[in-house]
Amino acid sequence: MSSVLKFYSDRALGEIQARSFKVFNERSLAKIPQVAGLPEAQRFEMKVVASVLPFRVNEYVINDLIDWDNVPDDPIFKLTFPQKDMLAPESYERMAELHRRGADKAEIAALARELREGLNPHPAGQLEMNLPRVNGEVVEGLQHKYRETVLFFPSQGQTCHSYCTFCFRWAQFVGDKALRIASNQRDQVLGYLREHPQVTDLLVTGGDPMVMKTKHLTQYLEPLLEDRRLAHVQTIRIGTKALTFWPYRFVTDSDADELLDLLARLVKAGRHVAIMAHYNHWRELDTPIAREAIRRLRGTGVEIRSQGPLLAHINDDPDVWARLWKTQVQLGIIPYYMFVERDTGARHYFEVPLARAATIYREAMKQVSGLGRTARGPSMSAGPGKVEVQGVAEIQGEKVFVLRFLQARNPDWVQRPFFARYDENATWLNHLKPAFGEEKFFFEDEYEAMRAGNG
Ligand SMILES: *Cc1c(COP(=O)(O)O)cnc(C)c1O
Ligand code: SF4
């Protein structure tokens with residue numbers, strides 16, 4: 001054990017037992033003891049919805065995070081278990097009918113495919129745009145949308161310890177291989193980075209890269225320590241929900257120490273390593289194992305930043321966000337983004353109008369100190385970039401949304417305030433119309449030209 005490892009391992013793990021990672025999916029849903037105790041009608045609804053949207057949940061979430069006395073209202077239950085209203089009534093009825101008459105697998109799969117197609121599986125031009133090339137060939141498993149940051153989807157990390165019911169990457173979990181963005185082309189990825197000195201940030205994402213064995217992560221990240229031609233990649237971000245869904249990953253898993261050691265070495269070599277932790281509710285931070293995982297991670301010198309969407313039925317309440325941010329600050333996590341639920345999957349179930357989102361954000365901000373006010377948002381990750389709703393204002397008698405890009409395809413668009421007509425029901429950028437009688441938003445022509453160039 002290296003000395004740095006000893007620093008964060010020295011607290012006795014006496015009370016924390018190593019656990020194995022038992023997981024249930026749509027085929028084994030009925031075998032979950034707590035589910036078996038639910039009313040028949042509710043079990044049927046779950047089965048119907050799980051045949052369209054991805055479902056996967058592990059025993060830690062079931063036994064330690066969900067409060068089964070509070071089902072179906074429990075936020076962690078809604079975060080992971082399918083609910084009838086996640087499908088449109090007509091879609092639900094069609095799928096329910098197949099199950100009622102005991103239709104065969106092929107028929108269910110065919111309808112599932114059709115219904116998924118209607119759920120905008122690839123929002124924000126994910127497949128057509130952002131495809132990086134080396135020598136004219138598309139590098140699989142990379143996305144390069146914003147100048148300084150490359151997203152990398154390692155092939156071994158394209159699943160998660162459990163699935164969120166609102167996941168915007170849900171399409172890659174439902175088995176349609178053609179839709180998957182994945183790669184094991186390490187050398188191509190590193191080659192692309194070497195050729196692009198403007199890239200300062202590598203964001204490893206998924207799925208969840210923390211489902212990978214440490215030896216795979218090491219294989220991708222170690223070259224950054226050794227290769228001088230990769231010195232411009234100063235920041236390594238790792239997007240994960242493992243601190244919620246499987247904190248044992250950082251504490252008792254057989255390669256947990258090896259993982260922490262890898263992170264510590266990256267930090268020691270002068271890299272900024274940021275764990276981009278996905279959180280939706282303070283309850284995710286409430287178990288001893290979740291806190292121990294955070295403590296150990298912080299001991300390596302990495303930063304933990306938090307981000308997550310605002311969701312109806314789960315966290316559309318300023319008090320929930322205030323408590324989430326306060327708890328994070330207490331534990332040394334830096335609040336980073338509040339996202340607007342994306343225009344995909346079961347979005348009609350989870351979406352919160354932008355006007356209400358801005359109010360929830362502000363009401364939550366009011367309750368926290370400056371250290372909790374680092375969260376930006378509510379932010380829409382749309383085709384042109386990340387657009388933040390800064391608030392609602394009245395300018396010369398017109399009620400407007402004040403907007404700005406936090407991140408944009410053209411860096412010149414960033415931080416320029418712009419205005420949309422107030423619309424109480426709008427839930428996404430494409431619902432918004434320019435204010436003050438303008439025809440278009442300032443970036444629209446340029447964005448259309450970019451799309452045409454890529455299409
Ligand atoms: C959010 C995001 C990033 C990172 O943006 P930051 O503002 O630097 O956090 C990079 N690429 C894509 C595609 C993103 O959506
Ligand atoms: S952790 Fe992220 S990628 Fe995985 S299911 Fe949840 S939202 Fe989707």
Side-chain angles (χ1 to χ4, degrees), residues 23 25 53-58 61 76 78-82 121 123-127 129-132 142-153 157-174 180-182 199-211 234-246 249 272 274 276-281 284 303 305-309 311 314 334-342 344-347 350 374-377 379-388 404-409 411 413-415:
V23 52
N25 62 24
L53 296 169
F55 173 71
R56 177 181 166 95
V57 63
N58 69 23
V61 176
I76 312 295
K78 297 234 157 148
L79 174 76
T80 46
F81 280 80
Q126 271 184 67
L127 286 188
M129 298 178 83
N130 321 327
L131 296 180
L142 279 193
Q143 247 187 70
H144 192 181
K145 180 169 175 179
Y146 306 126
R147 186 181 51 193
E148 43 302 290
T149 306
V150 163
L151 262 55
F152 172 39
F153 301 78
Q158 297 314 303
T159 182
C160 301
H161 294 103
S162 295
Y163 289 153
C164 309
T165 39
F166 54 82
C167 178
F168 70 101
R169 298 233 165 93
W170 63 277
Q172 74 188 48
F173 302 138
V174 287
R180 263 166 90 136
I181 311 171
V199 174
T200 55
D201 289 41
L202 175 66
L203 203 172
V204 187
T205 183
D208 191 333
M210 289 301 179
V211 303
Q234 276 301 314
T235 302
I236 299 156
R237 306 193 216 178
I238 303 175
T240 182
K241 203 170 172 71
L243 281 167
T244 294
F245 284 157
W246 191 243
R249 175 71 189 92
H272 180 124
M276 308 304 290
H278 173 188
Y279 285 113
N280 309 100
H281 200 284
E284 297 164 55
E303 297 287 0
R305 292 177 196 273
S306 68
Q307 53 190 29
L311 304 153
I314 291 180
I334 305 165
Y336 188 56
Y337 274 134
M338 174 202 267
F339 290 123
V340 177
E341 167 63 358
R342 289 175 78 145
T344 179
R347 65 94 60 100
F350 291 111
T374 49
R376 293 172 301 167
S379 169
M380 292 172 270
S381 294
K386 283 190 169 66
V387 177
E388 182 190 57
R404 66 167 173 170
F405 280 100
L406 297 172
Q407 192 54 278
R409 284 187 190 273
W413 302 347
V414 171
Q415 303 284 356

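Counting starts at 1 for both ligands and their atoms, following the listed order.
For the side-chain contact (heavy atoms from CB on, under 4.5 Å) test, residues two or more places apart in sequence or in another chain that qualify with D201 are T149, T235, R237.
We find the SG-NZ distance between C160 and K241 to be 9.5 Å, quoted to the nearest 0.5 Å. Expressed to the nearest 0.5 Å, how far CD of E148 lies from CD of Q407 amounts to 5.5 Å. The OH atom of Y337 sits 12.0 Å away from the OG1 atom of T374 when rounded to the nearest 0.5 Å.
In this structure, atom 13 (C) of ligand 1 lies nearest to the protein heavy atom L151 CD2, 3.7 Å. Distance from atom 12 (C) of ligand 1 to its nearest protein heavy atom, with residue and atom name: Y146 CE1, 3.5 Å. Nearest to atom 5 (O) of ligand 1 among the protein's heavy atoms is Q407 NE2, 3.5 Å. Protein heavy atom in closest approach to atom 7 (O) of ligand 1: Y337 OH, 2.7 Å.
Side chains of R249 and T240: a donor-acceptor N/O pair is absent below 3.5 angstrom, by distance only. Donor-acceptor pairing under 3.5 Å is lacking for the side chains of K78 and N280.
Taking the centre and axis of the six-membered ring of F173, the NZ or CZ atom of R56 falls outside the cone set by 45° and 6.0 Å.
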Item to check | Stepwise side chain to side chain contact (heavy atoms under 4.5 Å, CB included) check, F339 with Q307 | outcome: CA-CA 7 Å; F339 290 123; Q307 53 190 29; 3.8 Å; yes

| request: Apply side chain to side chain contact (heavy atoms under 4.5 Å, CB included) to R342 and S381, showing your working. | output: CA-CA 7 Å; R342 289 175 78 145; S381 294; 3.8 Å; yes

Is there a salt bridge (charged side-chain N to carboxylate O under 4.0 Å, His left out) between E341 and R347 once you walk through the steps?
CA-CA 7 Å; E341 167 63 358; R347 65 94 60 100; over 6 Å; no

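Between R376 and ligand 1, not a single N/O pair is under 3.5 Å apart. No N or O atom of T149 sits closer than 3.5 Å to an N or O atom of ligand 1.
Here atom 8 (O) of ligand 1 lies nearest to R237 when heavy atoms of R237, K386, E148, R409 are compared.
Close contacts of ligand 1 with Y336, meaning ligand atoms under 4.0 Å from a residue heavy atom, involve 6 (P), 7 (O), 8 (O), 9 (O).
Listed as neighbours of ligand 2 are C160, Y163, C164, C167, F173, G207, K241, H278, each bearing a heavy atom under 4.0 Å from the ligand.
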